[in-house]
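The model shown is predicted, which means the values in this text are computed figures rather than measured ones.
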Amino acid sequence: MATRSVFDLGALRSEFENAGINTNFIPLIWKHVLQNPNSELSDVPYLPSSAYPFLTSKFKISTSTVDSVVESSDNVTTKLLVKLQNGAYVETVIMRYDSRLGTLGGKPRPGGPRATLCVSSQVGCKMGCTFCATGSMGFKNNLSSGEIVEQLVHASHLCHIRNVVFMGMGEPLNNYNSVVEAVRIMTGFPFQISPKRVTISTVGIIHSINKLWGDLPSVNLAVSLHAPIQDLRCQIMPAARAFPLEKLMNSLQLYQKNSKQKIFIEYIMLDGINDEEQNAHQLGKMLEMFQVVVNLIPFNPIGSLSSFKTSNDQRVVNFQKILRGSYNIRTTIRKEMGQDISGACGQLVVTLPKKGLKENSSLLTDIEDLRI
């Protein structure tokens, strides 16, 4: 059996409980390995002697390695290619922002430079969205909670991570248990990332949305909607056939009622497909009773994998004006980062790029700052 990551909480907790050892020692192990990344588990101090045999024989500080670190030309995006224990690869992306840019309520924003990590939850994806490079890989396997958390550990060696978004490779809610466990680890000691700074994106897995608010209160939900009518949504997102819009909207109403939180709506702008004025009105009418932030996303080229084109800037702005002016829906246009290293939205597909070095970063504003 493969050695498990020390961040695979379920497996580690079971070993502690079977040995009759207090599980409160587990976060202390994580603290030690974070502070001493080159140490061995046998070096962790102050554990009961009975813990060391199973720790050293069944677990590793890290089951994954960073194969390459590639910087974008804008110096604000870093893509890490991470090799897993089974030989597969996933990608995770660091995006740097400045929360002081822009205004909030007509006043200067507080804060300063910070970084958001986009993590992967699966190798490949079974959703098959026609605008997404990851879908072209097909589905390979789910990541364990430890493999998800290790992406945060690797990124933390490059810079301090403030926000985590599950918008990398894979459909997070198709790997529900591992994602929930990973978030609980990330928001607990010693990582202590605020749940309000964690966002989980989904194409709309209804049965998982229905229980997410109870399992992960305060975590943000983002829904990849991309079309305001069912037929069009199925054309560009084949998996949407299993999640009819009417049922999805009912699920989101229940989620919002229970969570008391805004929902992020992701909407990729495809030229001549879903960016017409009538599409904006259809979307506005569907969402006007929700508390949402709609994020309009420019389509990112994925080579021959898709024939779609990006909507022109004026059409995107007009779409935003309709949602804002006619339906009073908070709407933003995403600033794309990392296109040149295929690290932007929809571009994550495993490649083996040339290795690069981290450089000084410029600063941008971030959608995360729009949260109330």
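For the pair Lys211 and Tyr176, the distance from NZ or CZ to the six-membered ring centre is under 6.0 Å and the angle to the ring normal is within 45 degrees.
Ionic pairing of Arg96 and Glu71 is present here: one or more N-O contacts between side-chain nitrogen and carboxylate oxygen are shorter than 4.0 angstrom. Classification of Arg4 and Asp8 as a salt-bridged pair holds, one side-chain N sitting under 4.0 Å from a carboxylate O. Using a cut-off of 4.0 Å between Lys/Arg side-chain N and Asp/Glu carboxylate O, Arg315 and Asp275 are scored as salt-bridged.
When all heavy atoms of Ser145 and Leu9 are compared, the pair lying nearest together is OG-N, 3.8 Å. Arg197 and Asn220 get closest at one heavy-atom pair: N-ND2, 4.4 Å. Contact detail for Gln230 and Ala240: the closest heavy-atom pair is NE2-O, 3.1 Å. Residues Pro244 and Ile206 come closest through the heavy atom pair O-CD1, 4.4 Å. Closest approach of Leu34 to Pro190, counting heavy atoms only: CD1-CG, 3.5 Å. The shortest heavy-atom contact between Met237 and Ser224 is CE-O, 3.4 Å.
For Arg324 (side chain) and Thr331 (main-chain N/O), a donor-acceptor pair under 3.5 Å exists by modelled atom type. Here the side chain of Glu181 pairs a donor or acceptor atom with the backbone of Gly10 at under 3.5 angstrom. His226 places a side-chain N or O within donor-acceptor distance of the main-chain N or O of Glu266, the cut-off being under 3.5 Å. Between the side chain of Thr92 and the backbone N or O of Cys118 there is at least one donor-acceptor pair closer than 3.5 Å. Using modelled atom types, no side-chain atom of Asn141 and backbone atom of Val123 make a donor-acceptor pair closer than 3.5 Å. Gln151 places no side-chain N or O within donor-acceptor distance of the main-chain N or O of Val119, the cut-off being under 3.5 Å. Judged by distance alone, the side chain of Asp43 and the main-chain N or O of Ser39 form no donor-acceptor pair under 3.5 Å. Checked by atom type and distance alone, the side chain of Ser178 pairs as donor or acceptor with a backbone atom of Leu143 at under 3.5 Å. Remark: the backbone N or O of Ile236 is paired with a side-chain donor or acceptor of Thr130 at under 3.5 angstrom. When atom types are taken as modelled, the side chain of Thr187 and the backbone of Ile193 share no donor-acceptor pair closer than 3.5 angstrom.
For Glu246, the CD atom sits in a loose shell: 12 or fewer heavy atoms of surrounding residues, nucleotides or ligands are nearer than 6.0 Å. Heavy atoms of other residues, nucleotides or ligands lying less than 6.0 angstrom from CG of Asp231 number 12 at most. Atom CG of Asn210 has more than 12 heavy atoms from other residues, nucleotides or ligands within 6.0 Å. Counting non-hydrogen atoms of neighbouring residues, nucleotides and ligands closer than 6.0 angstrom, the CG atom of Asn22 exceeds 12 such neighbours. The local environment of CD in Glu288 is crowded, with over 12 non-hydrogen atoms from other residues, nucleotides or ligands closer than 6.0 Å.
Exactly one of Val69, Val93, Leu117, Val70 qualifies for a side chain to side chain contact (heavy atoms under 4.5 Å, CB included) with Thr78. That residue is Val69. Between Thr63 and the options Glu150, Glu147, Gln85, a side chain to side chain donor-acceptor pair (under 3.5 Å) holds for only Glu150.
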**OP:** Check step by step if side chain to side chain contact (heavy atoms under 4.5 Å, CB included) holds for Ile26 and Arg13.
**Re:** CA-CA 8 Å; Ile26 293 176; Arg13 181 190 286 124; 4.3 Å; yes
**OP:** Check step by step if side chain to side chain contact (heavy atoms under 4.5 Å, CB included) holds for Leu245 and Leu225.
**Re:** CA-CA 9 Å; Leu245 266 177; Leu225 202 58; 3.6 Å; yes
Original post:
Should Phe243 and Ile205 be marked as a side chain to side chain contact (heavy atoms under 4.5 Å, CB included) after you check the CA-CA gap, both sets of side-chain angles, and the distance that decides it?
Top reply: CA-CA 7 Å; Phe243 312 109; Ile205 313 298; 3.3 Å; yes
**OP:** Start with the C-alpha gap between Tyr46 and Phe25, add the side-chain angles, then the distance that decides, and say whether ring pair (Phe, Tyr, Trp, His ring centres under 6.0 Å) holds.
**Re:** CA-CA 9 Å; Tyr46 311 124; Phe25 283 107; 9.7 Å; no
**OP:** Step by step, work out the side chain to side chain contact (heavy atoms under 4.5 Å, CB included) result for Gln122 and Lys140.
**Re:** CA-CA 8 Å; Gln122 296 178 313; Lys140 308 299 183 183; over 6 Å; no
Subject >> side-chain hydrogen bond (donor to acceptor under 3.5 Å, both in side chains) assessment of His281 paired with Ser326 >> reply: CA-CA 8 Å; His281 285 292; Ser326 300; 4.7 Å; no
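Follow the hydrophobic side-chain contacts under 4.5 Å out from Met289 and you never reach Leu221; the two are in separate clusters. Hydrophobic clustering keeps Leu254 apart from Val223 (ILVMFWY residues linked when any side-chain heavy atoms are closer than 4.5 Å, directly or through intermediates).
Side-chain contact of Thr202 with Glu171: a donor-acceptor pair under 3.5 Å is present, judged by distance alone. Of the N and O atoms on the side chains of Asn279 and Gln282, at least one donor lies less than 3.5 Å from an acceptor on the other residue.
Interatomic distance, Asn295 CG to Phe264 CZ, rounded to the nearest 0.5 Å: 8.0 Å. For the atom pair OG of Ser311 and CG of Asn274, the computed distance is 6.5 Å after rounding to the nearest 0.5 Å. Separating the CD1 atom in Ile29 from the CZ atom in Phe59 is a distance of 9.0 Å, to the nearest 0.5 Å. Atoms CD1 and CG, from Ile94 and Leu158 in turn, are 4.5 Å apart once rounded to the nearest 0.5 Å. The structure places CG of Leu323 at 5.5 Å from CD1 of Ile329, a figure rounded to the nearest 0.5 Å. Rounded to the nearest 0.5 angstrom, Phe308 CZ and Cys132 SG are separated by 11.5 Å.
A 4.5 Å side-chain heavy-atom check between Val164 and Val183 finds every atom pair outside the cut-off. Two residues are said to be in side-chain contact when any heavy atoms from C-beta on lie closer than 4.5 Å; Glu276 and Phe319 fail this criterion. Inter-residue side-chain proximity for Thr116 and Tyr97 is flagged as met; some heavy-atom pair is nearer than 4.5 Å. You'll find the side chain of Leu296 stays beyond 4.5 Å of the side chain of Arg334, heavy atoms only. Side-chain contact between Val293 and Thr332: present, with at least one pair of heavy atoms (C-beta onward) separated by less than 4.5 Å. Counting only heavy atoms from C-beta outward, the side chains of Glu17 and Thr23 approach each other to under 4.5 Å. Between Val203 and Cys129, the closest side-chain pair of non-hydrogen atoms falls below 4.5 Å. Residues Pro45 and His32 meet the side-chain proximity criterion, which asks for heavy atoms closer than 4.5 Å.
Within the 6.0 Å centre-distance limit, the rings of Phe54 and Phe16 are counted as a close aromatic pair.
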